[in-house]
Amino acid sequence: MSALQRGVVGFGKRIRAIGKAFSSSVGRRSYIVTAGDQKAFREDGVVCIRSAIPLAFVESLRIAAERNMKNPGPLCDEHAAAAGTAGRFHDDQFLWRRHDECREYLFNSGVAKIAADVMRSSSVNILYDHLLVKEPGTVAPTPWHNDYSYWHITGEDICSVWLALDYVKKETMVMYVKGSHRWKMLHKITNFSGDGSDDGRYESSPNKDQIPIKEIESGEYELLGWDMEPGDVVVHHGWTLHGASGNADLSTQRRGYATRWVGDDIRFDPRPGTMHFNWVKSGLDCGLQRGEKMECDLFPTVYHQS
């Protein structure tokens, strides 16, 4: 076993210990998901939940976000810089492995139970966490896409919980194509930095489906979006199409912190052109075999129904 593998195993043991220590407190602190929340997620592919996360966690995550923007991890993308456009669109993953505040949020805020209950899953594992920051005056949009097309998974119990760290107006918030999770579209990969900056990481993707961008933007499909306050979350299915404009506001950041959760039926599927291969290049190899449950040191169980 290499030094890197030993470090990952040791880190996983510490994380499992944290999860056991916090398992009882999560249930008591968590927002209580309603039947209406579950219905909206099931039918629309997305649900907004107000005041889901205590503001103490929001404040801590803001500190971690600022620290990460000064010292990002190996998977960081700066989309505006890569596209040669104004502002800053900061995108980084696996913060929970580097920042105590992010680990505390995953294991002690109740967010994992929210994800499990919305999906009606008996347990959830963290796939990864994801910081997305658009500085004031950033023109770079978030292109239309679904998350599933990028992920090395099979199954249906998958969601993202997007937490607002700032006040976000609907005009700059992520917008969702209502009911698009039912399309189960494996679309051609969309480059967030623009086609001119493609680094080839997804070039082997076999995905062929075309996103109906013209129809979406002409109003043929109903879009869902909300004004967001710190502590509000949006929970969306991995199949749900979504996108966002840039941040034209010259005085306010748009900081979103997303956590990606896999439930009962999700299995590992390292098909070509998924994020798995870029993660491996960065030293984040889960060590799973095709068809195995997404449960390991890289994807620890955070919540399990007692």
Side-chain angles (χ1 to χ4, degrees), residues 40-48 77-91 93 130 132-135 137-153 156 158-160 162 164 168-228 234-249 254 256 258 260 271-275 278:
F41 180 78
R42 183 173 65 252
E43 296 183 358
D44 300 340
V46 61
V47 60
C48 178
D77 285 309
E78 294 287 352
H79 297 300
T85 57
R88 184 180 184 186
F89 184 179
H90 174 84
D91 172 337
Q93 303 167 14
H130 197 178
L132 297 154
V133 180
K134 291 183 181 179
E135 294 278 28
T138 299
V139 299
T142 302
W144 292 105
H145 69 287
N146 68 31
D147 299 328
Y148 206 108
S149 295
Y150 297 78
W151 290 345
H152 36 283
I153 61 171
E156 296 298 317
I158 177 76
C159 75
S160 294
W162 194 101
V168 183
K169 296 177 182 177
K170 181 178 177 179
E171 290 75 19
T172 58
M173 177 55 189
V174 182
M175 301 296 290
Y176 300 86
V177 181
K178 183 179 180 179
S180 58
H181 62 305
R182 296 196 187 97
W183 304 348
K184 297 186 179 181
M185 176 180 290
L186 284 176
H187 63 73
K188 290 185 176 181
I189 296 300
T190 305
N191 189 333
F192 279 36
S193 299
D195 292 338
S197 60
D198 187 4
D199 61 6
R201 73 182 70 171
Y202 299 120
E203 64 183 0
S204 61
S205 171
N207 298 355
K208 300 296 184 184
D209 293 340
Q210 295 280 358
I211 300 172
I213 295 176
K214 181 178 178 181
E215 292 80 0
I216 292 171
E217 295 183 346
S218 66
E220 291 188 28
Y221 299 105
E222 183 177 354
L223 301 181
L224 299 177
W226 298 268
D227 292 323
M228 302 285 287
V234 170
V235 185
H236 72 264
H237 197 281
W239 287 116
T240 305
L241 284 172
H242 54 287
S245 67
N247 181 15
D249 191 318
R254 199 218 72 172
R260 322 295 192 174
R271 64 184 185 277
T274 54
M275 295 168 70
N278 196 42

Next item on the list: Taking all heavy atoms of Thr172 and all of Ala248, pick out the closest pair and write down the distance.
Entry: CG2-N, 4.4 Å

Next item on the list: Please report the closest heavy-atom contact between Gly87 and Ala80, naming both atoms and the distance.
Entry: O-CB, 3.6 Å

Notebook entry, point to check: Pro212 and side-chain contact (heavy atoms from CB on, under 4.5 Å): which partner among Glu217, Met185, Glu220?
Noted result: Met185

Margin query: Could you report the tightest heavy-atom contact between Leu223 and Met175, atom names first, then the distance?
Written below: CB-CE, 4.0 Å

Checklist line | Main-chain N/O of Gly45 paired with Arg182 side-chain donor or acceptor, under 3.5 Å | finding: no

Notebook entry, point to check: Going by distance alone, is a donor N or O of one side chain under 3.5 Å from an acceptor N or O of the other, for Thr142 and Lys134?
Noted result: yes

Next item on the list: Flag the pair Asp249 / Glu171 as yes when at least one side-chain heavy-atom distance between them is below 4.5 Å, and no otherwise.
Entry: no

Next item on the list: Measure across Leu186 and Asn207 and return the closest heavy-atom pair with its distance rounded to 0.1 Å.
Entry: O-CB, 3.5 Å

Notebook entry, point to check: Are Asp227 and Val168 close enough, and set up right, to give a side-chain contact (heavy atoms from CB on, under 4.5 Å), and what steps lead you there?
Noted result: CA-CA 6 Å; Asp227 292 323; Val168 183; over 6 Å; no

Notebook entry, point to check: Parallel, tilted or perpendicular for His181 and His237, by the 30°/60° rule?
Noted result: tilted

Next item on the list: Mind checking the CG-CD spacing from Asn278 to Gln93? Nearest 0.5 Å is all I need.
Entry: 8.0 Å

Note to self: I want to check something: taking the side chain as every heavy atom from C-beta on, are Ile211 and Ile216 in contact at a cut-off of under 4.5 Å?
What the structure shows: yes

Item checked: N/O donor-acceptor pair under 3.5 Å between Asp91 side chain and Leu132 backbone -> no

Next item on the list: Please determine which of Asn146, Leu241, Asp44 meets the side-chain contact (heavy atoms from CB on, under 4.5 Å) test together with Ser180.
Entry: Leu241

Note to self: Any non-hydrogen side-chain atom of Thr274 less than 4.5 Å from a side-chain atom of Tyr150?
What the structure shows: no

Item checked: Sub-4.5 Å side-chain heavy-atom contact between Trp162 and Val174 -> yes

Item checked: side-chain contact (heavy atoms from CB on, under 4.5 Å) partner of Met228, chosen from Arg254, Met173, Lys169 -> Met173

Check: Roughly how far, to the nearest 0.5 Å, is the NE2 atom of His236 from the CG atom of Leu224?
Finding: 12.5 Å

Margin query: Would you call the rings of Tyr176 and Trp226 parallel, tilted or perpendicular, taking 30° and 60° as the class edges?
Written below: tilted

Note to self: Test your reading of the model: is there a side-chain donor-acceptor pair from His79 to the backbone of Asp77, 3.5 Å cut-off?
What the structure shows: no

Check: Are the ring centres of Tyr221 and Trp183 closer than 6.0 Å?
Finding: yes

Next item on the list: For the residue pair His145 and His187, confirm or rule out a side-chain donor-acceptor distance under 3.5 Å.
Entry: no

Item checked: Residue pair Thr240, Tyr148: steps toward the side-chain contact (heavy atoms from CB on, under 4.5 Å) verdict -> CA-CA 8 Å; Thr240 305; Tyr148 206 108; over 6 Å; no

Checklist line | From CE (Met275) to NE2 (His152), nearest 0.5 Å | finding: 7.5 Å

Checklist line | Flag for Arg260-Ser160: side-chain donor and acceptor within less than 3.5 Å | finding: yes

Note to self: When you measure from the side chain of Arg271 to the backbone of Trp151, do you find a donor-acceptor pair of N or O atoms at a distance under 3.5 Å?
What the structure shows: yes

Item checked: Nearest heavy-atom neighbours spanning Thr138 and Glu135 -> OG1-O, 2.7 Å

Notebook entry, point to check: Got Phe89 and Val133 here, is their nearest side-chain heavy-atom distance under 4.5 Å?
Noted result: no

Next item on the list: Please name the pair of heavy atoms, one in Ile158 and one in Phe41, separated by the smallest distance, quoted to 0.1 Å.
Entry: O-CZ, 4.3 Å

